[in-house]
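As structure tokens, the structure follows; a few thoughts come after it.
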Amino acid sequence: MTKLIFCDFETNEGAVDRQLTDVWCLGYKLQGAPPQVVTDNIKDVLQSFIDDGYVPVFHNAAFDLWVAESIGVQNIKAFHDTMLIHYLVAPTESHSLASLGEVLGYPKLTSSSFNDGYTEQMGTYCKRDVEITEAAFNEYYKLLSSIKPLQSLYFSVELPFIRCIIDMEVRGVHVDKERWFDVLKGLEAEQLELLDDPLLKSVPPQLGRKSKTKRMRPDEQVSTDPEIGKWCLVEHGEEYKWAMWEPFNPASSQQVGNVLGLDKSDSDTLEECGNPLASIILKYRKVTKMLSTYGESLLKQTHADDRLHGSYNQTVTRTGRLSSSKPNLQNIPSRGDIGGVIRSLFIAPPGRKLVSIDLDQFQLRIYSWYLHNMVDTGEFPDADALWLDFNNNPNADPHQAKADVLGIPRGVAKTLNFAVLFGASPAKAAVTAGTTVEEMKGFFETQDSLFPSGKVLRDTIIKAVRSNRGVLFDLYGRRGWYPEVNESDWGLKGRAERQAFNFIIQATEATIVKMIIIEARQRLLGKADLIMTVHDEITFECDLDKAESVRVILDDVVNNTPWLPGLKVTGTATIGDNWHDVH
DNA sequence: TTTGCGCGCGCG
DNA sequence: AAAGCGCGCGCGCAAA
């Protein structure tokens with residue numbers, strides 16, 4: 001029987017940004033014993049338990065395990081994570097310790113922030129947290145163990161992956177601050193230029209925020225003439241409110257919609273409306289997004305080591321993918337000229353190189369695998385077409401292949417392929433691909449007649465999830481929960497069906513990518529540091545002289561490992577000085 | 001001034 | 001007949 005010790009650290013708040021300055025206390029609890037809290041010799045206390053064979057149980061080990069090892073605790077070979085366990089058994093619920101506490105009979109204590117050293121109250125909190133951790137482990141580990149594939153997913157993928165997360169968060173990614181400032185300057189100039197556009201400046205003033213508390217001063221006057229600075233009484237639902245005329249703000253989606261006479265003001269709508277003002281606004285939006293979200297904000301979040309240390313969240317998505325936050329390093333611009341410029345600011349420091357690999361068409365490969373394995377290829381021979389292409393043709397290009405068969409441009413075929421994975425309508429696909437809806441309807445029909453197995457697979461999955469009360473499993477036992485597939489409301493039902501179908505593909509993708517990252521990191525320990533991943537892309541950083549051997553190993557891990565029988569996984573590892581160059 | 005939400009948009 | 005999967009963040013807006 002494994003001896004368990006339930007643990008929780010209280011630290012300075014900055015620790016979430018990987019700047020551990022103070023560890024206030026360690027709360028711990030042995031099974032059948034009351035919770036304890038220690039403030040002195042924390043490292044030695046925990047180390048003695050580890051040396052004694054105790055296995056620590058954390059809630060969010062990516063943090064607490066890192067704290068433990070940062071203060072010098074060694075030889076933590078095995079550990080558990082109740083947050084991860086709860087994520088696997090109840091993926092759609094909240095996994096915070098507080099919510100688990102509520103469910104398990106430990107109501108919330110009144111909150112306060114701990115950032116000024118140890119207090120009695122902190123100790124009380126900490127002890128309570130380890131009690132909840134134990135209760136959660138007792139409750140959910142049993143459940144996990146009763147579902148064998150899920151248990152195996154936990155032990156062989158999710159738990160080991162924590163090491164990868166700690167590496168990426170602690171290492172972070174180096175950025176070129178100097179050049180970043182130059183890029184910012186350029187963007188600012190562009191923004192000013194756009195604001196100076198005569199067409200934009202000719203837009204009349206718009207009504208600003210509405211207030212019901214506004215009282216008129218004697219020297220003010222109500223005016224319905226759009227004159228900047230004048231107040232106006234406007235209808236607001238059932239009542240009237242005061243509003244002031246303000247200069248047109250192209251950053252306000254509401255104002256843009258009003259000015260252009262559109263219900264929505266997203267880029268598709270603006271492009272379609274054909275108004276020259278709309279194209280100025282689109283340019284303004286683009287440069288503003290780059291400036292605020294990816295310019296100033298990212299620069300501000302760069303640490304003293306000139307690196308961005310984002311968080312990778314393992315218990316957020318419904319599909320088993322990671323999410324990234326503070327900052328989100330998974331939505332850094334990459335497309336177009338400006339995308340290339342931004343990504344080129346993510347660099348290898350002097351004497352180092354980036355080595356990165358992208359998995360080719362991974363979701364389509366998994367889709368083809370499901371077609372091959374779940375559809376009767378005797379009855380529907382087309383079910384093997386995509387799969388055979390991927391397995392026999394090293395340079396398979398499924399978008400071009402579909403384009404050739406349907407006699408359409410590659411871009412349109414690409415949209416069609418994504419429409420299959422996501423369940424898009426012809427109308428939506430038409431907007432994306434820039435065709436008419438009628439044309440796209442025709443393409444859908446041709447596609448369905450040439451590749452009928454697609455619908456067969458979809459129907460098989462939907463039928464299974466319906467009869468299983470909305471629960472489904474991907475290849476590795478990850479649970480998806482979409483009870484709305486049995487709703488009568490066609491909107492809810494339709495969405496749930498699309499989500500459920502996409503789940504088996506995206507979840508399988510996510511798990512295999514995690515396995516690849518675990519293996520690659522393991523093979524490259526001491527040679528290269530895992531620094532980033534963006535869903536189907538893995539990036540390491542290493543010393544200059546090791547780059548070529550790192551590239552060879554990374555390439556080998558991806559291309560020459562039988563990740564899933566019948567699934568051909570490919571990618572090309574690339575060496576470069578910045579994130580733009582390695583793609 | 002702070003908080004919460006919807007919109008729009010960046011990525012795979 | 002109608003239907004885009006999975007995320008996080010900055011902004012505008014309105015209420016607290």
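Every chain is numbered from 1 and lettered A, B, ... according to where its sequence line falls, protein lines coming before strand lines.
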At under 4.0 Å between heavy atoms, what does [X] touch on the DNA or RNA strands: base, sugar-phosphate, or nothing?
X      : answer
A:K493 : nothing
A:E497 : nothing
A:F418 : base
A:G494 : nothing
A:T288 : nothing
A:R335 : base
A:Q499 : sugar-phosphate

Measure [atom1]/[X] against [atom2]/[N] and give the value in whole Å, please.
X      : N      : atom1 : atom2 : result
A:L364 : C:dC5  : CG    : P     : 17 Å
A:L421 : C:dG6  : CG    : P     : 13 Å
A:Q254 : C:dG10 : CD    : P     : 21 Å
A:E271 : B:dC9  : CD    : C1'   : 12 Å
A:I332 : C:dG10 : CD1   : C1'   : 14 Å
A:Y284 : B:dG8  : OH    : C1'   : 14 Å
A:L270 : B:dG8  : CG    : P     : 9 Å
A:Q363 : C:dC5  : CD    : C1'   : 8 Å

[N] phosphate, OP1 or OP2, under 4.0 Å from [X] side-chain N/O:
X      : N      : result
A:S253 : C:dG12 : no
A:R498 : C:dC5  : yes
A:T293 : C:dG10 : no
A:S325 : C:dG8  : no
A:N249 : C:dG12 : yes
A:S292 : C:dC9  : no
A:K286 : B:dG10 : yes
A:R285 : B:dC9  : yes
A:K289 : B:dC11 : no
A:K264 : B:dG8  : yes
A:S297 : C:dG10 : yes

Does A:K241 have more than 12 heavy atoms from other residues, nucleotides or ligands lying within 6.0 Å of its NZ? yes
Which residue, A:Q506 or A:W490, contacts DNA chain C at a nucleotide closer to its 5' end, judged by nearest heavy atom? A:W490
Between [X] and [Y], is any side-chain donor less than 3.5 angstrom from a side-chain acceptor?
X      : Y      : result
A:Y367 : A:N417 : no
A:R285 : A:S253 : no
A:N559 : A:T570 : no

Taking A:D448 as the fixed residue, which of A:K455, A:K441, A:R458 is the one that meets the salt bridge (Lys or Arg N to Asp or Glu O under 4.0 Å) rule? A:K455
So if I take every side-chain heavy atom of [X] and compare against [options], which nucleotide ends up nearest?
X      : options               : result
A:S265 : C:dG4, B:dG8, C:dC13  : B:dG8
A:P333 : C:dC7, B:dG10, C:dG12 : B:dG10
A:V316 : C:dC5, B:dC11, C:dC7  : C:dC7
A:N328 : C:dC5, C:dG4, C:dG8   : C:dG8

Considering Watson-Crick and G-U wobble pairs with both distances under 3.5 Å, what does C:dG10 pair with? B:dC7
As its Watson-Crick or G-U partner within any shown strand, both distances under 3.5 Å, C:dG4 has none
B:dG10 versus C:dA2 - spacing of their C1' atoms, nearest Å: 28 Å
Show your reasoning for whether side chain to side chain donor-acceptor pair (under 3.5 Å) applies to A:T446 and A:S449. CA-CA 5 Å; A:T446 316; A:S449 67; 5.6 Å; no
Heavy-atom donor-acceptor pair, [X] side-chain to [N] base, under 3.5 Å:
X      : N      : answer
A:N331 : B:dG10 : yes
A:R209 : C:dA14 : yes
A:T432 : C:dG4  : yes

Evaluate the criterion side chain to side chain donor-acceptor pair (under 3.5 Å) for residue pair A:T508 and A:Y370; output intermediate values, then yes/no. CA-CA 10 Å; A:T508 301; A:Y370 275 106; 2.9 Å; yes
Between A:D81 and A:N60, which heavy-atom pair has the shortest distance, and what is it? OD1-N, 2.9 Å
